[in-house]
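Let me begin by presenting the structure, written as structure tokens, before commenting on it.
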Amino acid sequence: MGRRKEFERVFREGRRGSTRLVTVWAVPGDGAGVRVGFAIGRRVGRAVVRNRIRRRLRAALAEELAGVPAGTDLVIAAREVCLDAEFGTLREALRAALKKAGAWIDSA
């Protein structure tokens, strides 16, 4: 997901789940797969820092993707503490936020 109107739709219509590290908005999409957008503000850090956080979140989501229903649009917002968190902790935080946002299937 890369368009502003797609992000706005997810923020407006989506259900939110938040943890200490990340916030996730989830909404049923019109596609067959899971679409993801990352919202990492400039106050988190310089571009290098934001890109590193985005890569870590993308890797964590790749491992948790089996639990996300197909056809879901997600926006994941990161906090600065993501950068220093252990990868396992980041995965757990992401999974918890996905569950709170209703974008998780427990049988996965």
Side-chain angles (χ1 to χ4, degrees):
M1 245 180 358
R3 295 187 179 152
R4 183 182 186 98
K5 69 177 186 179
E6 294 171 331
F7 276 74
E8 289 173 349
R9 183 182 74 83
V10 174
F11 287 136
R12 186 179 60 248
E13 299 173 8
R15 195 169 153 196
R16 185 178 67 176
S18 186
T19 65
R20 186 177 64 88
L21 300 177
V22 295
T23 300
V24 174
W25 287 264
V27 65
D30 50 356
V34 176
R35 298 188 322 154
V36 181
F38 294 95
I40 304 170
R42 288 187 177 166
R43 70 179 170 176
V44 171
R46 297 172 57 177
V48 172
V49 172
R50 295 193 311 268
N51 287 334
R52 183 163 184 220
I53 290 172
R54 185 176 298 117
R55 285 193 305 270
R56 294 189 78 214
L57 284 172
R58 190 173 289 138
L61 182 63
E63 295 190 14
E64 301 296 332
L65 204 54
V68 179
T72 303
D73 289 347
L74 300 172
V75 172
I76 301 172
R79 296 193 172 93
E80 188 176 356
V81 291
C82 281
L83 192 60
D84 298 327
E86 294 284 329
F87 188 71
T89 305
L90 185 60
R91 279 186 60 191
E92 289 175 14
L94 183 59
R95 185 181 314 139
L98 287 167
K99 286 180 181 178
K100 289 180 181 178
W104 184 261
I105 301 170
D106 279 329
S107 61

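Just so you know, these numbers use all the heavy atoms, side chains as well, and skip hydrogens, waters and symmetry mates.
Annotation: side chain of Ile105 is not in contact with side chain of Val68 (no heavy-atom distance under 4.5 Å). Put simply, the side chain of Cys82 reaches to within 4.5 Å of the side chain of Val22, judged on heavy atoms. Side-chain contact between Val24 and Val75 is absent, with no heavy-atom pair separated by less than 4.5 Å. For the pair Leu90 and Leu21, the minimum side-chain heavy-atom distance is below 4.5 Å. When side chains are defined from C-beta on, Phe38 does not count as touching Arg50, because their heavy atoms never get closer than 4.5 Å. Between Phe87 and Glu63, the closest side-chain pair of non-hydrogen atoms falls below 4.5 Å.
Judged purely by atom type and a 3.5 angstrom limit, Lys99 has no side-chain atom pairing as donor or acceptor with the backbone of Trp104. The backbone N or O of Leu83 sits less than 3.5 Å from a side-chain atom of Arg56, completing a donor-acceptor pair. No donor-acceptor pair closer than 3.5 Å links the side chain of Arg91 to the backbone N or O of Ala60. Using modelled atom types, one side-chain atom of Glu6 and one backbone atom of Arg3 make a donor-acceptor pair closer than 3.5 Å.
The environment of Arg54 atom CZ is dense: over 12 non-hydrogen atoms of other residues, nucleotides or ligands sit within 6.0 angstrom. Atom CZ of Arg9 sits in a crowded spot, with more than 12 heavy atoms from other residues, nucleotides or ligands closer than 6.0 Å.
Leu61 contributes atom CG, which lies 11.5 Å from atom CZ of Arg95 (distance to the nearest 0.5 angstrom). If you take CD1 on Ile53 and CG on Asp84, they are separated by 8.5 Å, rounding to the nearest 0.5 Å. Annotation: the span from Asp73 atom CG to Trp25 atom CH2 amounts to 14.5 Å, rounded to 0.5 Å.
Both Val49 and Ile76 sit in one connected hydrophobic cluster of ILVMFWY residues. Membership requires side-chain heavy atoms under 4.5 Å apart, directly or through other members. Cluster annotation: Ile40 is connected to Val36 through the hydrophobic network of ILVMFWY side chains, with a link wherever side-chain heavy atoms come within less than 4.5 Å. Met1 and Leu57 fall into different hydrophobic clusters, where Ile, Leu, Val, Met, Phe, Trp and Tyr side chains are chained together by heavy-atom contacts under 4.5 Å. Note: the hydrophobic cluster containing Leu74 also contains Leu65 (ILVMFWY, side chain heavy atoms under 4.5 Å, direct or indirect links).
Under the 3.5 Å distance criterion, with hydrogens and angles disregarded, a donor-acceptor pair is assigned to the side chains of Arg79 and Thr23.
When all heavy atoms of Ala101 and Gly17 are compared, the pair lying nearest together is CB-N, 3.7 Å. When all heavy atoms of Ala103 and Thr72 are compared, the closest pair comes out as CB-CG2, 4.3 Å. Pairing each heavy atom of Val27 with each of Gly14, the nearest pair is CB-CA, 3.9 Å.
At a threshold of 4.0 Å, the pair Glu8-Arg12 does not count as salt-bridged, since none of the basic side-chain nitrogens sits closer than that to a carboxylate oxygen.
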